[in-house]
Amino acid sequence: MEPLRIGLIGYGAAGRGIHARLARETGQDVVAVVTRHRGDQVLADWPRARVVPDVAALLAAPQDLDLVVVASPTGEHAAHVRAALEADVAVLVDKPLATTRVQAAALVRLAREREGRLTVFQNRRWDPEQLTLQGLLAAGTLGRVHRFERRWERFRPQPQHRWKEQDPVAGGLLLDLGAHLVDSAVQLFGPVRRVHAELRALTTPAFDDVFLALEHAPDATGHHVVSHLWGGGLVGAPGPRTRVLGDAGAYLVTSFEGEPTPFAVLDDAQEAGRRPGEPEHEGWLVRGAERTPVPRAPGGHGDLYRAVQAWLRTGGPVPIDPADAVATARVLDAARVAAETGVAQLLD
């Protein structure tokens, strides 16, 4: 397929560190970048790209763009997505789509008016652990699942001074990691009907300690899954990354992106004992004392960009339905209310 001509808004940790990297990995072409202070980095990475000071300059020639990637600070997402859609350019926006459900829903309505030219960068759907777990669930290996746990925990005792840590409205781990955690839970176990939350700011003005308990809608038999989700910046002993409990066994992941947790002795033992030619594993199937490594499902974050390319070049399906981002925003809104009031919130 012909490469996409990408206009990138923002060239910081998300713009350069994630989106530009994946664009290059998948053969796309970044032709313009909005940045005021990183023009030298842009030209070093993309010598033929235009460096422009603002979104209006980027969209002055929309015919030269196939896709706008919004990698600006979260509080600016809604305005930047709206501007690109009104210029009739397709948009891939980093998560979260917006800071509230109301904002997110308004953007989805606008996108529908513009032929549905919007998708959201929920790249963690392509994490090996997520893909591997989906395979186990589809095969029924865990039996009837009753609890899903996922942690995104770090130890950063020194206060951070980036906008993500300093902005109590658009920053913080609830909107950042929480958007990933909730999306993963809903993708696996369906809509949420009840939300409990504990939110604290321990080292920064924005939330850096997040716990969500989600009750998913029941199935036809009345059975429902409960998801427990953690995001923390002051966790000296992170727990297991993923644990899924079912009546036929459990799925356990004890490391994340190459960073072991205190439980990673399982992974260390497996790597030391793996024979040449054996597949890499992604976590463990555990039944009491019985532990079996689970082969890693193929895939990675680049597949999201390939899906975006197919969506725009060949009429393939939208990679992430933006309505999913509205559902996530609704849960995050409810989490704020639950934490403030101490009362779990019901979603009808």
Side-chain angles (χ1 to χ4, degrees), residues 74 95-96 99-101 122 124-125 127 129-130 133 145-157 159-160 164-217 224-246 250-257 259 261-263 283 325 327-347:
T74 298
K95 58 78 202 163
T99 58
T100 68
R101 180 195 63 81
Q122 288 290 353
R124 295 299 174 175
R125 294 190 183 190
D127 274 345
E129 64 176 327
Q130 188 79 352
L133 175 53
V145 170
H146 57 88
R147 188 180 304 278
F148 169 62
E149 300 175 1
R150 180 158 288 165
R151 294 170 173 83
W152 207 319
E153 297 175 328
R154 303 159 171 166
F155 188 53
R156 295 178 176 175
Q160 304 290 304
K164 285 187 177 183
E165 288 79 21
Q166 298 302 313
D167 185 343
V169 176
L173 294 187
L174 181 67
L175 288 182
D176 184 14
L177 304 185
H180 281 312
L181 292 167
V182 171
D183 181 77
S184 294
V186 173
Q187 183 196 21
L188 294 169
F189 301 109
V192 174
R193 71 174 185 181
R194 187 170 181 268
V195 180
H196 165 77
E198 300 169 12
L199 309 175
R200 296 189 293 173
L202 299 177
T203 66
T204 59
F207 295 130
D208 62 355
D209 187 59
V210 170
F211 170 71
L212 305 180
L214 311 180
E215 182 181 310
H216 295 268
H224 68 268
V225 175
V226 172
S227 290
H228 283 179
L229 311 173
W230 289 265
L234 198 62
V235 184
R241 162 66 178 176
T242 294
R243 190 173 70 152
V244 187
L245 306 179
Y251 177 58
L252 179 68
V253 177
T254 61
S255 61
F256 177 55
E257 294 186 332
E259 294 293 329
T261 74
F263 300 88
T328 293
R330 189 173 183 226
V331 172
L332 299 178
D333 283 356
R336 291 190 194 92
V337 176
E340 290 172 0
T341 64
V343 178
Q345 298 298 297
L346 294 175
L347 304 182

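Not measured: the values here are computed from a predicted model.
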From [X] atom [atom1] to [Y] atom [atom2], the distance as rounded to the nearest 0.5 Å:
| X | Y | atom1 | atom2 | result |
| --- | --- | --- | --- | --- |
| F189 | H146 | CZ | NE2 | 10.5 Å |
| R241 | L252 | CZ | CG | 12.5 Å |
| L234 | D208 | CG | CG | 6.5 Å |

Considering all heavy atoms, the nearest [X]-[Y] contact:
| X | Y | result |
| --- | --- | --- |
| A179 | P96 | CB-CB, 4.3 Å |
| H216 | S227 | NE2-OG, 2.7 Å |
| P157 | T203 | O-CG2, 4.1 Å |
| A335 | A197 | O-CB, 3.3 Å |
| F155 | V235 | CB-O, 3.3 Å |
| L347 | A334 | CD2-CB, 3.9 Å |

T99: side-chain contact (heavy atoms from CB on, under 4.5 Å) partners, not counting sequence neighbours: T74, Q103, A170, L175
Set of residues satisfying side-chain contact (heavy atoms from CB on, under 4.5 Å) with respect to F207, sequence neighbours excluded: L174, L199, V210
Please report the C-alpha distance between R156 and T204 in whole Å, then the side-chain angles of each, then the deciding distance to 0.1 Å, and finally whether the side chain to side chain contact (heavy atoms under 4.5 Å, CB included) criterion is met. CA-CA 11 Å; R156 295 178 176 175; T204 59; over 6 Å; no
Test item: Q345 side-chain N/O and V343 main-chain N/O as donor-acceptor pair under 3.5 Å: yes
Evaluation steps, side chain to side chain contact (heavy atoms under 4.5 Å, CB included), between F148 and R243: CA-CA 6 Å; F148 169 62; R243 190 173 70 152; over 6 Å; no
Might you work through the side chain to side chain contact (heavy atoms under 4.5 Å, CB included) test for W230 and L181, ending with a clear yes or no? CA-CA 8 Å; W230 289 265; L181 292 167; 6.0 Å; no
Near R124 CZ, under 6.0 Å, is it more than 12 heavy atoms from other residues, nucleotides or ligands? yes
Check: R151 and P240 side chains under 4.5 Å, non-hydrogen atoms: yes
Is any side-chain heavy atom of D127 closer than 4.5 Å to one of H180? no
Once you measure the plane-to-plane angle for H228 and F211, does it fall in the parallel (<30°), tilted (30-60°) or perpendicular (>60°) bin? perpendicular
Report the C-alpha separation of R150 and Q130 in whole Å, then their side-chain angles, then the decisive distance to 0.1 Å, and conclude whether the side chain to side chain donor-acceptor pair (under 3.5 Å) test is met. CA-CA 11 Å; R150 180 158 288 165; Q130 188 79 352; 2.8 Å; yes
What pairs meet the side-chain hydrogen bond (donor to acceptor under 3.5 Å, both in side chains) rule with one or both residues in residues 329-339, with sequence neighbours excluded? R330-D348, D333-R336
So that I can tick it off, tell me whether D183 and K95 are bridged by a salt bridge, with the cut-off set at under 4.0 angstrom between side-chain N and carboxylate O. no
Among residues two or more places apart or on two chains, list those pairs meeting salt bridge (charged side-chain N to carboxylate O under 4.0 Å, His left out) that have a residue in residues 185-195. R193-E215
With sequence neighbours left out, what residues match E165 under salt bridge (charged side-chain N to carboxylate O under 4.0 Å, His left out)? R162
In chain order, what residues pass the salt bridge (charged side-chain N to carboxylate O under 4.0 Å, His left out) check against R200, with sequence neighbours excluded? D209
